[in-house]
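First up is the structure itself, then whatever we jot down about it.
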Amino acid sequence: MITPKENIPDSEHALITKAQSLAGFTLGEIAAQAGIEVPTNLLRDKGWPGLLLEHTLGATAGSKPEPDFPELGIELKTIPINRQGKPLETTFVSVAPFTGLVGVNWQNSHVKNKLKRVLWVPIVAEREMPVPDRIVGMPFLWSPSPEEEALLANDWQELIDMIVLGEVENISGKHGQVMQLRPKAANSKAKTDAFDKHGRRFKTLPRGFYLKIPFTHGLIKKYLRVG
DNA sequence: ACTTGATCATTC
DNA sequence: GAATGATCAAGT
């Protein structure tokens, strides 16, 4: 069980510095210092690395619709990588809206706002590595470059267009160059409201936007070179 | 090997 | 059910 902590960073620099001071430490070491138990595997604790880092860095705990560090406007994201620095998984961004889309555009979208400023914390987490032995890499703060934002905006528009046209069910993970739409639910029976191509309301599987691996890999390579 | 689709815990 | 945190594992 991970509970909120009170050492909230007072500045962006303090946050980055603290995050970077964790580089090289294992999840086991960080958890031990926090007095937190490490799960044997992540089968039933899929969000555990993220919660551990949130706790350690003093992020606001809980499921609030705001950044992890509200005063700083920074979102925290852990990302599993292999020893070469390549992400092992796509990165969840936010749930996709299927209704209430009138007036929604890229500029006021949840995706753009979520990705405005992200503190990425890579974790060398190859499957065969025991969870406590997984190692924190060098964290870095990222904001989308104009080029990156254009790619994201293009994909967002393509996917939202399909949703607006009532083609939610025809969207697969193959759509999108750098960002895809995939299931995001407790299970395949979960349902949420959407509209079909005739404008009729119906129930469908909730989905979320995910950043594809080549995109996040690019961010890591870029920030590794530059520092 | 890699991606897409499915799933797990917790809180509100 | 929806939002937070993601990874698992079947399919290609």
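Since we're looking at a predicted model, the values are computed, not measured. All chains are named by letter (A, B, ...) in the order of the sequence lines, taking the proteins before the strands, and each is independently numbered beginning at 1.
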Checklist entry - Hey, mind stepping through Val104(A) and Ile160(A) against side chain to side chain contact (heavy atoms under 4.5 Å, CB included) and telling me if it holds? => result CA-CA 9 Å; Val104(A) 173; Ile160(A) 290 294; 5.7 Å; no
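- There is no side-chain donor-acceptor pair under 3.5 Å between Asn154(A) and Glu158(A).
- Residue order along DNA chain B, read from the 5' end via each residue's closest nucleotide, puts Lys86(A) first among Lys86(A) and Gly173(A).
- If His175(A) and Asn187(A) are placed on DNA chain B by their nearest nucleotide, the residue sitting closer to the 5' end is His175(A).
- For dT3(B), the OP1/OP2 oxygens have no side-chain nitrogen or oxygen of Gln180(A) closer than 4.0 Å.
- Closest of all the heavy-atom pairs between Glu169(A) and Phe202(A) is OE2-CE1, 3.5 Å.
- In this structure, the CD atom of Glu126(A) is 12 Å from the P atom of dC2(B), given to the nearest Å.
- In this model, the phosphate group of dA9(B) is approached by a side-chain N or O of Arg44(A) to a distance below 4.0 Å at OP1 or OP2.
- Look at CE on Met179(A): it is 14 Å from P on dT4(B), rounded to the nearest Å.
- Going from atom CD1 of Ile171(A) over to atom P of dG5(B) covers 11 Å, rounded to whole Å.
- Distance, Glu169(A) CD to dT4(B) C1': 16 Å, rounded to whole Å.
- Residues Thr99(A) and Arg201(A) have side chains that never bring a donor and an acceptor to within less than 3.5 angstrom of each other.
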Checklist outcome for this item: Protein heavy-atom contacts under 4.0 Å, written 5' to 3' over nucleotides 6-12 of chain C as B (base), S (sugar-phosphate only) or - (none), form the string BBBB---
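- No contact: Leu88(A) has no heavy atom under 4.0 Å from any strand.
- Side chains of Ile81(A) and Lys86(A) form no contact here, defined as non-hydrogen atoms less than 4.5 Å apart.
- Between Lys114(A) and dT4(C) there is a side-chain N or O to OP1 or OP2 distance below 4.0 Å.
- Remark: the Gln180(A) side chain and the Lys174(A) side chain contain no N/O donor-acceptor pair separated by less than 3.5 Å.
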Checklist entry - Step by step, would you call Glu149(A) with Lys112(A) a salt bridge (Lys or Arg N to Asp or Glu O under 4.0 Å)? => result CA-CA 8 Å; Glu149(A) 180 163 343; Lys112(A) 171 168 176 168; 3.2 Å; yes
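- One finds no side-chain N or O of Ser188(A) lying less than 4.0 angstrom from the OP1 or OP2 phosphate oxygen of dG5(B).
- Atom C1' of nucleotide dT7(B) and atom CH2 of Trp48(A) are separated by 20 Å, given to the nearest angstrom.
- Spacing between atom CG of Asp68(A) and atom P of dA3(C) amounts to 16 Å, rounded to whole angstrom units.
- When the P atom of dT4(B) is taken as reference, atom CG of Leu211(A) falls 13 Å away, rounded to whole Å.
- Rounded to an integer number of Å, the gap from Phe209(A) CZ to dA2(C) P is 16 Å.
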